[in-house]
Amino acid sequence: MASKVIMPQGGQDLTTGRVVRWLKKEGDPVKKGAVICEVETEKAVFEVSAPQDGVLLQITAHDGEEVEILSTIGYVGDLSESIKETESKSPEDLPKTENSSGPETKETGQQRVQPKLIISPKARKLAQDNKLPLGSLVSSRPDGKITTEDVIKVLGAVLPYGTENDQAERSARTITQNKMRKTVAKRLSQSWSNAPHIFVTVAVDMTNAVSFRKENPSMEASFNDLVIRACALALKIFPDVNASYIDEDTISLWGDINIGVAVAAPQGLLVPVIEDADKLDLREIALRSKQIAEKARAGKQDLGKPSRFTVSNLGMYHVESFTAVINPPESAILAVSSIRKQPVVINTDMLAIRDMMNLTLSMDHRVGNGVLAAEFINEVKRLLEDPQTLL
Amino acid sequence: MARIKYREALNAALREEMERDPLVFIIGEGIGKRGGSYKVTENLLAQFGEDRVIETPLSEASFIGLGGGAAIAGTRPVVEMLFVDFMYLTMDQVANQIAKYNFMTGGQTKVPVVIRTQGGIGNGLAGQHSQSLEALFYHIPGLQVVMPSTPYDAKGLLKTAIRDDNPVIFIEHKQLYLTEGEVPEGEYLIPFGQADIKRSGKDVTILTYSYMTLECLKAAELLKEKGIDAEVIDLRTLVPLDEACILKSVEKTGRLVVVHEAWKRGGVGGDIISMVNEKAFYSLEAPPVRVAGKNTTVPFNKNLEKLCVPSVDEIVAGVMEAING
Amino acid sequence: MDSNFLKQMYETALTIRRFEEAAIEQYRQGNIYGYLHPYLGEEAIATGAIAAINPDDYIVSTHRGHGHAIAKGHDVRLMMAELLGKETGYCRGRGGSMHVANMKQFNLGANGIVGGGIPLATGAGMAIKQKKSSQVVLCFFSDGAVNNGVFHESVNLAAIYHLPVVFIIENNHYAASTPVENMNLLKDLSAHSAGYGIPGLSVDGNDAMKVYNAVIEPVKRARSGAGPTLIECKTYRHRGHHVNDPGAYMPQDILADWKSRDPLIVLRKHLADATVDAAEIKEIETKVDTLIEEAVKFAVESPEPSEAEFLNEIMAL
C-alpha cells in the first residue's frame with residue numbers, strides 16, 4: 001500500500017509551504033524515517049522523512065513549488081504499485097486483439113511488463129562482471145532506468161577497471177564526479193576485505209637524491225617523481241607485481257606500466273595516472289606528474305589507461321611511516337613517507353647524519369609473497385640511492 | 001563508372017549472363033517485344049531471339065514450375081513474375097517442388113532457377129499489387145531471398161543469382177526501377193550473405209533492405225541534425241543473412257532498429273531481432289525497435305497508402321525510441 | 001512381335017508386381033512407414049510406355065511411382081532401401097516412396113503433390129529445346145491430376161512452345177476414392193487435347209503392347225520437334241489408393257472384370273502367341289523372385305542415415 005508524502009504542518013496559522021529540494025528522485029529506494037525532502041514554511045525549514053520503506057514512486061510537487069499545508073507532495077510504496085493511470089498493467093489487463101477480418105490498424109499489446117529494477121542488459125552484465133551489487137547503482141535518468149554510464153560512474157569513480165567491454169571508450173573524456181567519496185570508500189573497503197595485505201618497509205638513504213636534485217634544478221623533478229621513476233623501472237624488472245587477481249584460477253599480468261599518483265583534491269582522493277611510465281624518462285615523468293596533479297586538483301579526470309600500481313606520498317605531512325590500502329584491481333601500492341635527517345650506521349661501524357625516507361609496500365598476498373615484495377622494494381631503494389640510474 | 005538506372009543495371013546483368021552462358025534463358029509475361037512492364041528485359045529479344053527470351057501466357061503456376069523443371073534438367077532459367085503478389089498462385093511449385101527438390105532427392109539435383117519479381121507500394125496500385133512478401137520465402141528452407149536497393153547491388157547480386165546452383169527469389173521494388181546509381185564498367189559479382197553498411201555510425205544500428213534503405217538514409221541525415229550518428233545497414237540478402245555484420249554493429253551501438261515495408265506481424269524484422277536477442281542480448285542498451293508496415297491491406301487512395309508503410313519521420317521516431325529506451 | 005522384346009516386357013511388369021507385393025509386406029512388418037501407393041494392376045502402362053523411349057529420355061511420375069522407376073531400369077535394391085528410409089536408398093532416405101528419383105537414369109522423380117510434376121516435365125522439355133538435344137520427356141500423371149489447374153496450363157505451355165513432352169494420363173478410374181465419372185463429363189480424358197490443339201488418344205492401359213504401340217508415334221513426333229501429345233491409358237487398381245485403403249468403394253464385379261485382364265495375364269497371352277514356352281516364363285519368374293528377395297535383404301540390412309551427419313548438413317544451411 002503506497003503512502004503519501006505530505007507538506008507538513010509548520011504552525012497553526014500557516015496555509016502553504018514550499019518544497020525546497022528533493023533529496024531523492026522518482027524510482028529511488030528509500031527507508032522509513034530517512035530524510036527525503038526539505039521544505040520551507042514562513043517559520044522554518046523542515047526535513048520530510050519517508051513514511052515507509054519502499055521506493056519514491058512519484059513526486060507531485062517539485063523543487064520550488066508552493067503547495068497547501070498537508071497536501072500531497074509525493075508517494076512512497078512498492079515498485080509494483082501504481083498510482084498513475086497509465087502505469088503498466090498486469091498481463092490480464094492487456095487489451096485483447098481484435099478478431100474481426102477488417103483491417104487492424106491500432107497497435108495492440110503495447111504495454112511492457114515493468115520489472116522492479118530497470119536496467120539494460122549491457123549495464124547489468126557490466127555491473128555483475130565487476131561484482132557490483134545492483135542495489136548500489138543510481139540512475140541518472142528521470143525514469144529511473146540504470147544505464148551503462150551509471151555503472152561506469154560507480155566502477156571507476158576515477159577510472160573504469162578496463163573490462164573487456166569498454167575498450168572502445170578509450171578516447172579522452174572529462175568526467176566530474178559528485179559521489180566520489182562514497183565510491184572511494186566502497187572500493188577501498190572491498191580491497192581491504194578481499195585482498196590480504198602484507199606490508200614490507202625499507203629505509204631509503206636519500207642523501208644522494210637530495211644532492212641530485214640540487215645539481216639538476218632544470219629537471220624540476222620532485223622526490224615523488226624520483227620514486228615514480230624508480231617504481232616504473234622496478235616494475236619492468238618485477239612484472240609479477242604489475243598484476244591483478246581476477247579469480248581463483250586467474251591472475252592477469254598487465255603489459256603496460258601505468259602508475260597512479262595519489263593526489264589530494266578538494267573533493268577527496270584522486271589517483272590520476274601516468275601512462276606507460278616505463279617509456280618516459282625522468283624529465284618527462286616530472287612534467288607529466290605536474291600536469292596530472294594540476295588537473296586533479298581542479299577536480300578533473302581523464303579517462304585513459306587504468307592505473308596498474310599506485311604511489312601514495314605523505315612526505316609533505318612529516319610522517320615517519322604509514323601503510324596504504326591497495327587501490328583495486330591493482331596488487332600493490334607504495335607508501336612514501338617524509339625525508340628526515342637521521343643518524344645511521346654506515347660503513348659497518350660509523351655514525352653519520354643522512355637524509356632517510358621510509359617506503360612501505362603493501363602487496364596483495366594472493367598475487368605475490370613477502371619475497372617478491374622485498375625484492376621489489378629493494379630494487380626501488382637501490383635505484384633511489386643511486387639517482388643517476390633514474391635519468 | 002557509369003550512372004545508370006536500377007532497371008538498366010538488371011538489364012545489363014541479364015544480358016551479360018546470357019552472353020556468357022548459353023544455358024541461361026529468360027521467361028515471363030510480356031518480356032519480349034515490350035521489354036517487360038518495367039523495361040528490365042528491353043532489347044533482349046532482339047539480341048537473343050525467341051528461343052531464349054520466351055513470353056508466357058498467364059499461367060503463373062506452370063511457368064514457374066517450368067522454370068524449376070528446366071533447371072533440374074540442366075539449364076539456368078530466369079523466370080520473371082511480374083508482381084510478387086502473383087506468387088501466391090505458384091506456391092506449390094515454389095515451396096513444394098523447387099525449394100525441396102534437391103533435398104528430397106538426397107542431393108541429386110541442382111535447381112539453378114532464379115525467380116525475379118517485384119513488390120512494394122507506390123503509384124496507388126491497391127491491395128493486390130502492392131505487397132511485400134519476402135517473409136513467406138524467408139520462412140521456407142531451400143530458397144534464397146535477395147532484395148537489392150541500388151543499381152550497383154542489383155547488377156552484382158543478379159549475376160551471382162544466375163550463377164548460383166540453388167533457387168533464388170530475387171525481389172525488386174517498383175519504386176527503385178528508375179533510381180540511379182554508380183555502376184562500374186567491368187565485371188563484378190556480389191556474394192550472398194554479405195550486408196552493406198551504407199552509412200557508418202556509432203549511436204544506433206538501423207537494419208533495413210530494398211526501398212526502405214533509401215528512406216533510412218534520409219532519416220539518418222535528419223538524425224545527424226539531432227546529434228545522433230546512425231549506422232544504416234542494407235541487408236541485401238535475407239537468406240542467407242549476414243549475421244556477423246548485424247551482431248558486430250549491435251555490439252558497437254547497443255541499439256537496434258529494424259525497418260521494413262512488409263507487415264510487422266510475422267515480418268522478417270521480428271525474426272532478426274530474435275536472433276539478436278539470442279546472440280547479443282548483453283550488448284543491448286535498450287529494447288530493439290521495429291518500424292514496419294501496418295498490419296493491413298494497402299488501400300488505393302495514395303495518401304492512405306503512404307500511411308501504411310514506414311515514413312522517414314516514423315523511422316526517426318523509431319530511432320529516438322531506441323535512443324531513449 | 002519379337003519374343004525377346006516381349007520377354008523383356010514381361011520381366012519388367014513382373015518385377016514391378018513382385019516389388020510392390022514385397023513393399024506391402026515390408027509395410028505390414030513396420031519396415032516401411034508413412035505412405036505407400038502400390039502400382040498393382042497398372043504395370044502395363046509404365047512397362048509399355050517406357051519401352052518406347054531411350055535410356056537418356058526423361059520421365060516424371062506420380063506418388064504411385066515405383067513402376068515407372070523400375071521400368072526405367074532402376075536397381076530394385078536401392079529402390080527398396082529408399083522405401084525403408086535407408087542411407088543406401090536413391091535419395092539417402094530423405095525422399096521415401098513418394099519422392100523416389102534417379103537423375104543419372106533421367107528419372108526426375110515421383111511426386112507427392114498430385115499434378116506437381118507436370119510443370120516440371122514441361123520444364124525438362126524446355127531444357128531439351130534449349131540444349132537443342134533430341135531427348136523427350138514422358139510425363140505420367142493420374143486422372144485426378146487432369147482436374148488440376150497446372151495440368152491444363154502445363155500442357156498448353158508445352159503445346160505453344162512445341163516441347164518434346166508426351167503426357168500420359170493413367171486413368172485408373174479413381175482419384176483416391178472419388179470416381180472419375182463424377183468429376184469429369186468427358187468419357188475419354190484424352191479429348192482435352194483438342195483444347196490445346198494437340199493430338200490425343202485413348203488406349204487400353206492393361207495391355208503393355210497396346211500402350212507401347214500408342215506411345216511410339218507420339219515419341220517420334222516429340223523428338224521431331226512437332227510438340228506434345230496427350231495419351232490416356234485406361235486401367236484399374238487391384239487395391240485401394242494406398243496400402244491402408246481397403247478400396248471398399250471399388251465394386252467387386254468391376255474389379256473382377258479388370259483383374260481378368262490383369263496386365264500379367266495379358267502379357268502371358270502375348271508370350272504364348274509368340275511361342276514362348278512355360279519354361280522360359282518360369283525362368284523369368286524365378287529370376288524376378290530372386291531379385292526381389294535380394295532387394296529386400298539389402299534394404300533391411302542397410303544402415304539408417306547418420307543423425308549426426310544429417311544435423312551437420314542442415315546446420316550449414
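Throughout, a chain's letter reflects where its sequence line sits, starting with A, and its residues are numbered from 1. As the structure is a prediction and not an experimental result, all values here were calculated from the model.
Proximity to chain C (any heavy atom under 4.5 Å) is restricted, for B:E60, to the backbone atoms N, CA, C and O. Only the side chain of B:I27 comes within less than 4.5 Å of a heavy atom in chain C; its backbone stays farther off. Looking at B:F63, the atoms closer than 4.5 Å to chain C (heavy atoms on both sides) sit in the backbone and in the side chain alike. For chain B, no part of C:A121 is nearby; none of its heavy atoms comes within less than 4.5 Å. Interface residue C:Y58: only side-chain heavy atoms are found under 4.5 Å from chain B. When heavy atoms are compared at a cutoff of 4.5 Å, B:Q144 does not approach chain C at all. Neither the backbone nor the side chain of C:F151 comes within contact range of chain B; no heavy atom of the residue lies under 4.5 Å from a heavy atom of that chain.
With respect to chain B, the highest number of heavy-atom pairs below 4.5 Å among C:V100, C:I160, C:N111, C:V150 belongs to C:N111. Ranked by heavy-atom pairs shorter than 4.5 Å toward chain C, the options B:I64, B:I54, B:L58 are led by B:I54. In terms of non-hydrogen atom pairs under 4.5 Å with chain B, the most contact-rich of C:L108, C:V60, C:N156 is C:L108. Ranked by heavy-atom pairs under 4.5 Å with chain C, the list B:P77, B:G107, B:G65 is led by B:G65. Of the listed residues C:M98, C:H99, C:E82, the one with more heavy-atom pairs under 4.5 angstrom with chain B than any other is C:H99. For the set B:G67, B:S62, B:S59, B:A73, the entry with the most heavy-atom pairs within less than 4.5 Å of chain C is B:S62. Most heavy-atom pairs under 4.5 Å with chain B, from the set C:Q135, C:E153, C:K131, C:H152: that is C:E153.
In the displayed structure, B:Q128 atom CD is contacted under 6.0 Å by at most 12 heavy atoms of other residues, nucleotides or ligands. Counting non-hydrogen atoms of other residues, nucleotides and ligands closer than 6.0 Å to OH of C:Y35 gives a total of 12 or fewer. More than 12 non-hydrogen atoms from other residues, nucleotides or ligands lie less than 6.0 angstrom from CD of B:E187.
C:L120 is listed as a side-chain neighbour of B:Q97, based on a closest heavy-atom distance under 4.5 Å. At a threshold of 4.5 Å between non-hydrogen side-chain atoms, the residues C:R92 and B:T105 do not count as touching. Side-chain atoms of B:Q108 and C:C91, non-hydrogen and from C-beta on, do get closer than 4.5 Å to each other. Looking at heavy atoms from C-beta onward, C:P119 lies out of side-chain contact with B:L66 at the 4.5 angstrom threshold.
When all heavy atoms are compared, the tightest approach of B:P57 to C:L157 is CD-CD2, 3.3 Å. In terms of heavy atoms, C:M126 sits closest to B:F25 at CG-CZ, 3.6 Å.
Looking only at distances, no side-chain donor or acceptor of C:K129 sits under 3.5 Å from a matching main-chain atom of B:D51. Under the 3.5 Å distance criterion, the side-chain polar atoms of C:Q130 are left unmatched by any main-chain donor or acceptor of B:R52.
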